[in-house]
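So the structure is just underneath, and the comments pick up after that.
For the single chain, residues carry numbers from 1 onward in sequence order. Heavy-atom basis, side chains included; hydrogens, waters and symmetry copies ignored.
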Amino acid sequence: MKRNFSTLVNVCLVVFVVSLIVGYTKWNMIPVNSSSSPPPITKYDLSILVIVYNRAQSMLRLLNSINEANFDGDNVKLEVWIERSKAGVVDTLTVKTAEEFVFKHGHYEVSKHSQHVEIYRQWFATWKPRVNSSEIAVILEDDLTVSPHFYKYLKLVHNKYDNVPEINGFSLQGISIKHAIGYSSQTLEAPEMIQNKIFQPYVPGNVIFAWYKILQAQGRADGEQSIYHIYHSWKFKEYTLYPNVK
């Protein structure tokens, strides 16, 4: 995945370069199409994927902020992906809230995973672009909101940096956190590395790895996926672009 405005995003978010990801596990989904949504088209300028589990109100806040964004008349698709519990249960309020939402700017679809897939598969197996697609994708967790100008920013940075090989993604957050980085044609293989219980995504002097070790000690590290993207960037000398605006 490659990506005011001090309010671009309320919470830390890095837009991963999902187009670099290969070999992910394919999971069956149960689509629930909104009746108010226009029919799907074959090509989109932007796909927005909201990944959610059981926080209906925060999800609705995010969806409302997306509805207030300016998309410049481009073809936009908004998808909500709802995770199941380990017992295979979906949150009924979250499903109801998502299904009742009306998207004003394009195609809208709600999909329920057919089984519990965990957070990293929510990230790595939800966007499936066509080969050589120029589509921009943004994956948003449900505790975020976006600026009305976020797409304007994304279009600008894509136009300028899409062909720069050492740029592997664009952040919608400011430069409050800096990570290790640098060029590679290698693919991102985070899902496989996550399944390796011995591997440690150690990045020297990186604050996120320090947080990751704390979460490991607390038995809560399974939800921390960004460290694998950071490790990949550091290992192959790639960069994530952060906005530097007032």
Residue pair Leu78 / Phe101, side-chain heavy-atom distance below 4.5 Å: yes

Heavy-atom side-chain proximity of Asp143 to Arg55 below 4.5 angstrom: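 Yes; the side chains approach each other to less than 4.5 Å.
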
Determine yes or no for a side-chain-to-main-chain donor-acceptor pair under 3.5 angstrom, with [X] supplying the side chain and [Y] the backbone.
X: His116; Y: Arg84; result: yes
X: Asn75; Y: Asp45; result: no
X: Ser47; Y: Ala137; result: no
X: Glu83; Y: Val117; result: yes
X: Thr97; Y: Thr94; result: no
X: Asn67; Y: Lys104; result: yes

Verify same cluster id: Leu93, Val90 (apolar side-chain graph, 4.5 Å): no

Step-by-step side-chain contact (heavy atoms from CB on, under 4.5 Å) determination, Ile230 to Thr240: CA-CA 9 Å; Ile230 294 166; Thr240 295; over 6 Å; no

Test of ring centre spacing under 6.0 Å for Phe236 and His232: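 Ring-ring flag for Phe236/His232: true, centres closer than 6.0 Å.
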
Leu144 vs Val146, side-chain contact (heavy atoms from CB on, under 4.5 Å): CA-CA, chis, key distance, verdict: CA-CA 7 Å; Leu144 305 171; Val146 296; 5.7 Å; no

Supply the atom-to-atom distance [X] [atom1] to [Y] [atom2], rounded to the nearest 0.5 angstrom.
X: Ile136; Y: Lys155; atom1: CD1; atom2: NZ; result: 7.5 Å
X: Leu60; Y: Asp142; atom1: CG; atom2: CG; result: 11.5 Å
X: Tyr53; Y: Ser58; atom1: OH; atom2: OG; result: 13.5 Å
X: Met59; Y: Ile82; atom1: CE; atom2: CD1; result: 6.5 Å
X: Glu238; Y: His229; atom1: CD; atom2: NE2; result: 8.0 Å
X: Leu63; Y: Phe103; atom1: CG; atom2: CZ; result: 9.0 Å

Residue that, paired with Phe209, satisfies side chain to side chain contact (heavy atoms under 4.5 Å, CB included) out of Tyr202, Trp234, Tyr231: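 Per the side chain to side chain contact (heavy atoms under 4.5 Å, CB included) rule, the option paired with Phe209 is Tyr202, out of Tyr202, Trp234, Tyr231.
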
Test item: side-chain donor near acceptor, Asp74 and Tyr151, under 3.5 Å: yes

Heavy-atom pair with the smallest gap, counting every atom of Ser171 and Tyr153: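 Shortest heavy-atom contact: O-OH, 3.2 Å.
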
Minimum heavy-atom distance Ala69-Ser147, with the two atoms named: CB-O, 4.3 Å

Full working for side-chain contact (heavy atoms from CB on, under 4.5 Å) between Val102 and Tyr108: CA-CA 8 Å; Val102 178; Tyr108 177 62; over 6 Å; no

Plane angle bin for Phe150 and Phe71 - parallel if under 30°, tilted between 30 and 60°, otherwise perpendicular: perpendicular

Test log, rule side-chain contact (heavy atoms from CB on, under 4.5 Å), inputs Val52 and Leu62: CA-CA 11 Å; Val52 59; Leu62 169 58; over 6 Å; no

